[in-house]
Each structure stands twice: as C-alpha cells, then as structure tokens.
Protein chains: 2
Amino acid sequence: MATGRTHRPATRSRGIPEATVARLPLYLRALTALSERSVPTVSSEELAAAAGVNSAKLRKDFSYLGSYGTRGVGYDVEYLVYQISRELGLTQDWPVVIVGIGNLGAALANYGGFASRGFRVAALIDADPEMAGKQVAGITVQHSDDMERIISENGVSIGVITTPPGVAQQVCERLVAAGVTSILNFAPTVLSVPDGVDVRKVDLSIELQILAFHEQRKAGEEAALTDGPRPVAATRKQSADKGPDGDVPAVMPA
Amino acid sequence: MATGRTHRPATRSRGIPEATVARLPLYLRALTALSERSVPTVSSEELAAAAGVNSAKLRKDFSYLGSYGTRGVGYDVEYLVYQISRELGLTQDWPVVIVGIGNLGAALANYGGFASRGFRVAALIDADPEMAGKQVAGITVQHSDDMERIISENGVSIGVITTPPGVAQQVCERLVAAGVTSILNFAPTVLSVPDGVDVRKVDLSIELQILAFHEQRKAGEEAALTDGPRPVAATRKQSADKGPDGDVPAVMPA
DNA sequence: ATGTCTTTGTGAACGCGTGCACAAAGATAG
DNA sequence: CTATCTTTGTGCACGCGTTCACAAAGACAT
Ligand SMILES: NC(=O)c1ccc[n+]([C@@H]2O[C@H](COP(=O)([O-])OP(=O)(O)OC[C@H]3O[C@@H](n4cnc5c(N)ncnc54)[C@H](O)[C@@H]3O)[C@@H](O)[C@H]2O)c1
Ligand SMILES: NC(=O)c1ccc[n+]([C@@H]2O[C@H](COP(=O)([O-])OP(=O)(O)OC[C@H]3O[C@@H](n4cnc5c(N)ncnc54)[C@H](O)[C@@H]3O)[C@@H](O)[C@H]2O)c1
C-alpha cells in the first residue's frame, strides 16, 4: 500500500505560510483590544509587543496579506481587524458540534469565547442515553444516533472531539463520513483521516510532559552548579529509580 | 533478554531539539500501549506508524537519546519506555497547582490523565471566597490568599492557569514569585515572565480559527475548480504527517 | 518643493527540522 | 565461520521559518 505520494507541490505559491496563519489569531486578538480602546493606528513595534512576537516577523506576516500599512504611521487598526478576520474566514458563521459531553466537553460548551469569533455551537452530542435531553450551557444534548442528521441539517464542517480516547477514531470516522472536514481533537489519540480533512490536536498531557522536561533540565543544571553532575532529582522525592521494568506505575493512555 | 550494553546517554542529552522533545510524549504513549500488550520489541517503522510520524524522524529522535535500538531487531519496548520517561523527567512526581477553578479548571481537576504520568494535583486555588472549602475532584479548593504557602509547602514548580484573561498576568506573577518556574496557560493572554520561566499556551480559540482558515480555503478552491461536491479520498494517511498542521502544537513557548 | 523623520516592506543570510538513501551493525541460518 | 537478511543510525540535501538590516515610501514641517 502506501501509494505514491503526490500532494505537496500543489498551488502553494498563493498560500500564506502555516506559521503565519497560526499567528494571525494572535494579532487579531491584540488588534481587537486596541479597537475597543478606539486606538486608530498602531505601529508594527507596538502591535508586536502586544502579541508577544518579533516586529520583523509581524511585518513579514502582514506582507503576505498585502500592503495594509502606511510607512511612517503604522497600520490602521479597524482595517487590519477586518482584513485578518476575512483572511481567517471569521466574517462568516461556523457551526460547530462537540462530541462527548463529559467534563471537558461541558466546559467547552460553557465557554463564551467561541461565539465571540464567529463560532457557534450548533449541537452537543453524546453516546450516553442518560445525557440525551439534558441541558448543558443552555443547549439540549442530543444522542449520537442523530449525529449524521445533525451535521447535515446544520451544515456543520467543524467538529470537536472530547470523547474517551478509545472511541475517538470511530467518532472521527462518523464525523467525516457525515461531512465534517475539520476536527479539533482533545482525546489523546492519533487520528487517521482521509486527505482533505484537517485535524488539530490539543493534548494537555503532552504539554505537561514538555514542561516537566525543561523543569528537570533546569533542576539538573542548577544542581550541577552546586552538587555533582547527577541530574537525578533528589529534591522532595523518594527514590523512584528501579529496574526498567516491574515498575511502570498506573500506566494508562496518557 | 537484557539488551543492556554500551548505553551512554552522556553528554548528548544536553542538546535534544525542541521538536524532538515535543514528540517524545507521543512515542511514550504508543510504547506504553505496546507494553500493556506485552509486546517485547518494536521496529521504528511500526512505532512510527503508531505515533503517526515518519520512521526516519523517529529514529533520528531516538538517536538524540542514545543508541537504544538493536539493528535487525528494533527497540526493546520496556527499556525505551524507561529511557523516555527518564528523559522527560517522569520518573519523579511533579506536584501541580491549578489556579482558577471554573468550568475549565474543574474539568482539568477531574481529568484522570494527570496522575497517570507522574503529575499530581497538589492544590486547587481560586480567588472566589464561595469556592474556598468546596470539594472539586475530591480536593478541597483553597483561597488565593494562601497561594504562596501552598506552593512553598508542596514544592510546586508547575502551575496551570485557568482564570479569566484579565487576571492571568497577575496570577502568573504571583506564581512565579512563589517559586513556580513552569506555567501552562489556558487564558487567552500573552504572559510576560522572567528568564528561566517556561510558559506554554493552550488556546482553543486560536485552534478553531486556524481550522476555519483552512476550511475557508478548501471551500474556495472547491468553488474555484469545477463544482466537485466533496473531496473523496482513497488513501488514508496519518494526520500527524504534515498537512496544514505542520506540527504547530497549539502551543507556543514564551 | 524640499528636507527630515518615522516606519514599512523585503532581500538575504542563517538555523532548524524533515526526509531520503545507504552503509554499518547485528541477528540468524547454514 | 561465512553468508544473508533485517533494521538501525546518520550524512546530506532541501525547504521553511526567523531575524537582521536597510532602502524606499510616505507623513509632516518649513
Ligand atoms: N478533562 C480534561 O481536562 C482533559 C484534559 C486533557 C484531555 N482530555 C481528554 O478529553 C476527553 C474527554 O475527557 P473528559 O474528562 O471530558 O471525559 P469524560 O469521561 O468526562 O467525558 C467523555 C464523554 O464522552 C461520552 N462518550 C463516550 N463514548 C462516546 C461516543 N462513542 N460518542 C459520543 N460520546 C461518547 C461519554 O458519555 C462522556 O460523556 C478524553 O479523551 C480525555 O483524555 C480531557
Ligand atoms: N472553558 C473553556 O472551555 C475555555 C476554553 C478556552 C479558554 N478558556 C479560558 O480559560 C479560562 C477559564 O475559563 P472558564 O470557562 O473556566 O472560566 P470561569 O469563569 O468558569 O472560571 C474562572 C475561575 O477563575 C477564578 N478566578 C478569578 N480571578 C481569580 C484570581 N485572581 N485568582 C484565582 N482565581 C480566580 C474565578 O473565581 C472562577 O472560578 C478563561 O481565561 C477562558 O478564556 C476556557
């Protein structure tokens, strides 16, 4: 299997770099704050500081959108808000479904930040019959059986998966089959999807592990300056060094 | 089968690329699953498929840790689990505090995935006097007034911020002043921290906006070409491969 | 109009990450 | 011990993203 790979060289010349796309929402947020304070224009230096990025990077990012700035003055806030919103597709309404209304799904449903950017929670879906019919964040939870109909009727193209990891792939496939082409996955699962479907994942466990790595490094370097070069974290922790096996405590799909 | 031989992580461990660090938890998860199925060894090809990455990339990633594989055979699962865990600092216990016990904070507190990897919720902190004393996920919520004492007494170095955005910077500063050196921020705020403090950000709104961008682009291309109803795909691929994702893991360091 | 001053837009250099391709290492069989 | 086969470890090339540095563009004053 694994047919010949031939997708990359597509018409990317007109495309905005992925790294830039990922920063546009950041700029938009900073610009919105300025807009609310009725600031008319902003320089790349000021805006970059507000967004926490390098100013040269910001200017290059904006250059991909076009020449929207005025030299010697800066960027018109309102105009830039509009341009970025349009570029990101936020001038239209995006109906979103959340599948798996547990701790996390309910929290997301209750989150007000979605609607503020053109995202509308079109439906909450759960497989538990107990959940169906219940109100969460003012929305009635619907049963998985109706998933296809819900997606079709509401023209949903973005789905959020907050189910247990074991069923995430299966839920994903049903979403895609029903017409969803963008998925935000919170389950710690590697989703396999057809070409043309975008998946982004948010993995809290991975974030913490990355932090732990750097934390350990910091502790190790600190110890190296005072103690020996042994980075075996002796601080506030009983020994955990054992054989490579026999231990493995409470291992579970992280 | 003790493959134990010339294993020297030695000096190399100081230079692990950040991109590799971000993937180690992914490998660890796949390896843990294999371990539970008592699979003794695994090839880079198989493990790469399970983790959704390129096999050459995986081998190169592992090469930064040392030569833990056996040519002609593959990698010893248990041994690799141990090595990665150690490299990530997961062989020790990391006490974590969550600040802001609202919708999201409570969901995180209830999340079992924390403890499964050596992360222990040491305390839940909220500024609301109504919250103090209440039980969330079997843990008593404590008031912000005691933040410094809690962090000090528990030796907390990792903090999670799930407060409203307006107070996130202020909370961050108190955390850092109290000794926290790693922060996972869920508030849509650009945090400013001193050198030596790591910040990672999880921003749902940004994730959705990135999806919306690609969704709009897909719709545009579809309309521009003929009127193809939908992109039917024959070949399935790992979403983590490349795609518009490009491995921008919803997070940025600061 | 001319000059000065501010700030944009971008060419170019550089570094990092990715993936190919292959020699070497080691297992396994004869 | 030798041959063969499998799979690792990595040299290398390539492309993307970041950053510097500066010419050019425009505002503003005179
Ligand atoms: N809660 C967190 O803070 C957190 C953090 C990181 C990752 N996650 C991940 O997010 C996911 C959800 O976490 P949670 O804490 O909300 O879990 P949960 O158990 O509270 O909720 C899961 C929900 O999914 C529903 N469900 C199960 N199978 C389903 C199906 N086939 N179709 C539709 N719905 C189905 C369940 O009925 C339940 O309501 C998990 O994969 C978890 O690993 C959660
Ligand atoms: N809920 C979500 O799904 C979601 C999604 C994306 C981002 N966020 C962000 O996460 C944060 C929390 O969201 P939420 O929905 O849980 O909000 P929430 O209002 O439900 O909870 C916020 C909690 O923080 C507490 N708090 C306020 N000021 C505090 C302080 N100074 N110190 C300590 N605690 C304080 C409040 O008492 C409250 O309990 C927000 O910044 C939000 O933008 C939430």
Side-chain angles (χ1 to χ4, degrees), chain A residues 2 4-10 12-13 15-24 26-27 40-49 51-77 79-80 83, chain B residues 1-10 12 15-24 26-27 40-49 51-77 79-80 83 237-238 240-249 252-254:
Chain A
R5 38 184 47 257
T6 321
H7 325 77
R8 217 49 22 153
R12 274 305 132 76
S13 52
I16 299 174
E18 191 57 31
T20 296
V21 173
R23 282 189 294 269
L24 290 182
L26 220 51
Y27 302 144
T41 62
V42 64
S43 72
S44 64
E45 207 70 52
E46 294 168 322
L47 185 55
V53 303
N54 181 293
S55 68
K57 191 188 293 182
L58 178 143
R59 288 197 299 276
K60 180 146 289 190
D61 283 342
F62 285 174
S63 77
Y64 292 116
L65 308 183
S67 291
Y68 295 148
T70 304
R71 300 180 188 219
V73 176
Y75 298 90
D76 183 276
V77 172
Y79 188 59
L80 207 45
Q83 288 298 342
Chain B
M1 176 70 74
T3 14
R5 280 216 54 199
T6 54
H7 295 142
R8 357 174 4 203
R12 189 67 79 122
I16 300 180
E18 191 59 31
T20 295
V21 173
R23 280 188 295 268
L24 289 182
L26 221 49
Y27 303 144
T41 61
V42 65
S43 71
S44 63
E45 206 70 51
E46 294 168 324
L47 185 55
V53 303
N54 180 290
S55 69
K57 191 188 296 183
L58 179 143
R59 288 197 299 275
K60 182 150 291 189
D61 283 341
F62 285 173
S63 77
Y64 293 116
L65 308 182
S67 292
Y68 294 147
T70 304
R71 297 175 191 228
V73 176
Y75 298 90
D76 183 275
V77 171
Y79 190 60
L80 207 44
Q83 288 298 342
K237 68 172 177 61
Q238 299 289 337
D241 197 41
K242 61 87 217 170
D245 195 322
D247 195 29
V248 182
M252 62 167 272

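Computed from a predicted model, the values in this text were never measured in an experiment.
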Would you kindly compare A56(B) and D61(A) by the position of their nearest DNA chain D nucleotide and give the one closer to the 5′ end? A56(B)
Quantified as the angle between the terminal helix axes (five pairs each), what is the overall bend of the helix from dA1(C)-dT30(D) to dG30(C)-dC1(D) to 10 degrees? 10°
Spacing between L80(B) atom CG and dT8(D) atom P, to the nearest angstrom: 11 Å
Gap between atom CD1 of I16(B) and atom CZ of R23(B) - 0.5 Å precision: 12.0 Å
Residue K57(A), side-chain atoms from C-beta onward, closest of dT18(D), dA23(D), dG9(D): dT18(D)
Can you see which heavy atom on E46(B) is nearest to which on S43(B), and at what distance? OE1-N, 3.0 Å
Between atom CZ in F62(B) and atom C1' in dT8(D), what is the gap in whole Å? 12 Å
Are D61(A) and T20(A) close enough that a side-chain donor and a side-chain acceptor fall under 3.5 Å? yes
What is the distance from OH of Y68(A) to P of dG26(D), rounded to the nearest Å? 16 Å
N54(A) side chain: which of dG9(C), dT8(C), dC20(D) is closest? dC20(D)
Is the phosphate of dT8(D), meaning OP1 or OP2, less than 4.0 Å from a side-chain N or O of S44(B)? yes
Check every atom of dC20(D), dT8(C), dG9(C) against the side chain of S43(A) and return the nucleotide holding the closest atom. dT8(C)
State which of dG26(D), dA21(D), dT18(C) makes the closest approach to the side chain of T70(A). dG26(D)
From the list Y27(B), Y79(B), Y75(B), ring pair (Phe, Tyr, Trp, His ring centres under 6.0 Å) partner of Y68(B) resolves to Y79(B)
Which heavy atom of A48(B) sits nearest to which heavy atom of S55(B), and what is that distance? CB-CA, 3.5 Å
Side-chain-base donor-acceptor pair under 3.5 Å for R71(B) and dT8(D): yes
All heavy atoms of L47(B) vs all of V42(B), minimum pair found to be N-CG2, 3.7 Å
Which residue, S63(A) or R59(B), contacts DNA chain C at a nucleotide closer to its 5' end, judged by nearest heavy atom? S63(A)
Spacing between E18(B) atom CD and dT18(D) atom P, to the nearest angstrom: 14 Å
To the side chain of Y75(A), which of dT8(C), dT10(D), dG17(C) is closest? dT8(C)
How many whole angstroms separate atom CG of L65(A) from atom P of dT10(C)? 12 Å
Taking for each residue the nucleotide of DNA chain D bearing the nearest heavy atom, is the 5' side occupied by K60(A) or by V73(A)? K60(A)
Return the value, rounded to whole Å, for the distance between atom CD of E45(B) and atom P of dG19(C). 13 Å
Measure across T41(A) and D76(A) and return the closest heavy-atom pair with its distance rounded to 0.1 Å. CG2-CA, 4.2 Å
